[in-house]
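Heads up, the thing below is written out as structure tokens.
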Amino acid sequence: MSGPIFFPENSSILFLTDCDTLLSMDEKKHMTNAELADVFERIANLMKIQDEMVFKIRAYERAAESLRSLGEEASLLAQRGELTQVPGIGKAIAEKIEELLTTGKLGFLERLEQEVPPTLLDLLRIPGVGPRKAALFWKTLHITTLAELEKAAREGRLRSLPGMGEKSEKAILDGIAALAQRSQRMTLARAWTLANRWLEWLRAQPGVERAEPAGSLRRWKETVGDLDLVVATRDSAPLMEAFVHHPDVKRVLGQGENKSSVELQDGARIQIWAQPPESFGALWMYATGSKDHNVRMRELAQRQGWSLSERGLADEQGNLRRIASEEEGYAALGLAWIPPELREDRGEVEAAREGRLPHLVEVRDIHMELHTHSTWSDGAVSIEEMVRAAVSRGYEVIAITDHSSYMGIVRGMKPEDVLRQREEVEAVRQRWGKQILILHGAEVDIRADGTLDYPDEVLAQLDLVIASLHASLRQPREQITARVLNALSNPHVDILAHPTGRLLPDRAGADLDWGQVYPALQASGAALEINASPYRLDADDVHVRHAASLGIPVVINTDAHAPVGMEEMVFGVSVARRAWLTAPQVINTWTREMLLEWLRKRGSA
DNA sequence: GCCGTTTTCGGCCCGACTGTTTTCAGTCG
């Protein structure tokens, strides 16, 4: 067979004459939405140190946020001249994006970095140090780096500055020390486990009428920094006392009547808020966020002559209307209740006002598991055990999809094993076929050279083919995208699994060119997987939302390697919900007849 | 710098907590 094509016609080689160096060419081609967002965030922070107008700064921050939640590459929007249609991006920022996309540089940022030493941005990472303090250190003591700041603090040179004292000086030293061992963000699984333990503790405290999760945890963001918990109580002071003196607490970051925050022995941070039950709705809305969503809520309140806070709505005379439930709070603003997963200021406010919030998919809508492993590859139990687990969850369909043999680290199946496995699948079908439909599939590796691990004759015999990347994820964008496109061009491939291969909380995945992956998915009719493992959640909410808007079917798979793995479905569903998906857009909510019909049309079942 | 159910100009979210202060600025979410 002929080798795969890694250099499509838009390869940088053809453009060499247009640019000074290959490097700048690379910058030009590779400027992703996340990288563009980073640039605008950098601008915003530098401008803060400069004490620039807050609303200008806010505009850059909004633009950055908007770019991050854009499912489509900004470069494609730029080509179509549609950048200014993105909320938060106007003429000036659109021009800056275009400059970045065409030259890989931004004159405005370069001038800004002449005026404000960019190393000052490092100081902002210290808790308690913001732009004002950073500017103060720079302008009075000519401090521009973390090391210089630490030295000055040790020498006691900070305490004499206006607004500083011995305590602030010590806080800065502590903060710098904490930076080195700063706890990373938690996976959702870890965050929920920790949160449930603390909620149980809170609910057992005297006077606590209600305790609930809030913050990014309740919004099911893919990773969680601090845990935010809310409490309804009429007597918060003793609760806060008990909280900060809990034996798991290493350090108290702040303690007040309405709010306290601590760092635990293992570095995790927890913050609790308290209000009386009459204000619980306002508090829960506030603490759930997101920040951007809250700003929108407060703008709405303001337009009606109110001020919205965590206690309730106040009129211009300061009369407080307490808000006991979220439903009441949203209704007062003329909105339907918004599911927490949507509260990111990505259009949910308008949808709630116009009564067109989606009816989001739920865990109970799911009745299929289409990506599982058994002892035929790296799974922990037999096919029959996995089938039994699926039946006990009430599922109607399970696909057994063991690994192909490419990966050295797992025991994959050689093509000849597939035939032997089919015999075992048949035997299990004899025993379980009345209760559940068992599909014989495989998770076939997309090799580093872009070819699939099994020949077409083998793929054709499988009920379901999942294609996925495991190795060589760091290949350049053109190359790794070409691998995926090559896999999708094979008509036997039904599902593209965990497309980027990222590992949460912090290993980035492949640098896929989604501008090519979406059309390839559309052309092939294959489904995009949301891998439900809390370490993957791949594809992510932003890309899933865009894919679904293009009509690409989505499937939520736990990729279970043991029965317990199937419990992770809830994390996958949370990604689908954050992507605004309704049940019909998710394959594993379908009836088995619909699934079989889909597979039949694809020619593989 | 962005944006329009009061606006194409004049607005742009709100309060708790800390550490420094004799009434408040800075940070945070």
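- dA25(B) sits 9 Å from dT20(B) when the C1' atoms are compared, rounded to a whole Å.
- Distance OG1/T145(A) to CG/D122(A): 8.0 Å, rounded to 0.5 Å.
- Ranked by how close their nearest DNA chain B nucleotide is to the 5' end, L124(A) and E257(A) are led by E257(A).
- A side-chain N or O of S279(A) and one of R322(A) form a donor-acceptor pair less than 3.5 Å apart.
- Between E99(A) and F108(A), every side-chain heavy-atom pair lies at or beyond the 4.5 Å cut-off.
- Residues F40(A) and R62(A) are not in side-chain contact: their nearest non-hydrogen atoms beyond the backbone lie 4.5 Å or more apart.
- K56(A) comes within 4.0 angstrom of a nucleotide base, judged by non-hydrogen atoms across all strands.
- Of the candidate nucleotides dG29(B), dC12(B), dG26(B), dG29(B) has the atom lying nearest to any side-chain atom of Y286(A).
- Nearest to the side-chain atoms of Q302(A) among the listed nucleotides dG1(B), dC14(B), dT27(B) stands dC14(B).
- The side chain of K167(A) sits closest to dG19(B) out of dG19(B), dG29(B), dG15(B).
- Rounding to whole angstrom units, CZ of residue R58(A) and P of dG29(B) are separated by 15 Å.
- For D226(A), counting side-chain heavy atoms from C-beta on, the closest listed nucleotide (dG19(B), dG29(B), dC13(B)) is dG29(B).
- With D541(A) as the partner, the salt bridge (Lys or Arg N to Asp or Glu O under 4.0 Å) test is satisfied by one option alone out of R346(A), K221(A), R219(A), R68(A): R346(A).
- Other residues, nucleotides and ligands contribute only 12 or fewer heavy atoms inside 6.0 Å of the CD atom of E166(A).
- Contact annotation for I57(A): no contact, since no heavy-atom pair falls under 4.0 Å across all strands.
- Close to dG26(B), at under 4.0 Å from its OP1 or OP2, lies no side-chain N or O of S168(A).
- More than 12 heavy atoms of other shown residues, nucleotides or ligands fall within 6.0 angstrom of atom CD in E354(A).
- Remark: the separation of the C1' atoms in dT7(B) and dC12(B) is 12 Å, to the nearest Å.
- dC13(B) atom P lies 15 Å from atom CD of Q304(A), rounded to whole Å.
- Counting non-hydrogen atoms under 4.0 angstrom, M53(A) reaches a base of the nucleic acid.
- Residue W273(A) has its side chain nearest to dG29(B) when only dC13(B), dG29(B), dG26(B) are considered.
- Set against dC14(B), dC13(B), dA16(B), the side chain of F55(A) has dC13(B) as its closest nucleotide.
- As rounded to the nearest Å, dT22(B) and dT6(B) have C1' atoms that lie 42 Å from one another.
- Atom NZ of K250(A) is surrounded by more than 12 heavy atoms from other residues, nucleotides or ligands within 6.0 Å.
- You'll find that the side chain of N258(A) is closest to dC17(B), out of dC12(B), dC17(B), dG15(B).
- If you take atom P in dT8(B) and the same atom in dG4(B), they sit 12 Å apart, rounded to whole Å.
- In this structure, E61(A) reaches neither bases nor backbone, as no heavy-atom distance under 4.0 Å exists between it and the strands shown.
- Figure legend. dC24(B) is base-paired to dG19(B); pairs are counted as Watson-Crick or G-U wobble with both atom distances under 3.5 Å.
- Straight-line distance between the P atoms of dT21(B) and dT27(B): roughly 16 Å, to the nearest whole Å.
- Taking the nucleotide of DNA chain B with the nearest heavy atom to each of L253(A) and A314(A), the more 5' of the two is matched to A314(A).
- Of the residues listed (E326(A), E341(A), E212(A)), the one engaging R218(A) in a salt bridge (Lys or Arg N to Asp or Glu O under 4.0 Å) is E326(A), and it is the only one.
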Atom pairs, protein N/O to nucleotides 3-5 of chain B N/O, distance under 3.5 Å:
unit_1, atom_1, unit_2, atom_2, d
dC3(B), OP1, G88(A), N, 2.6

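- The same atom, C1', is picked in dT5(B) and in dG11(B); the two are 16 Å apart, to the nearest Å.
- On the P atoms, dC13(B) is 14 Å away from dC3(B), given to the nearest whole Å.
- To the nearest angstrom, P of dC2(B) lies 16 Å from CD of E65(A).
- The side chain of S309(A) sits closest to dG15(B) out of dG19(B), dG15(B), dT18(B).
- Distances from the side chain of K259(A) to the nucleotides dC17(B), dG1(B), dT27(B) place dC17(B) closest.
- We find that CD1 of I126(A) is positioned 17 Å from P of dG26(B), with the value rounded to whole Å.
- Checking dT20(B), dG29(B), dC12(B) against the side-chain heavy atoms of K291(A) singles out dG29(B) as nearest.
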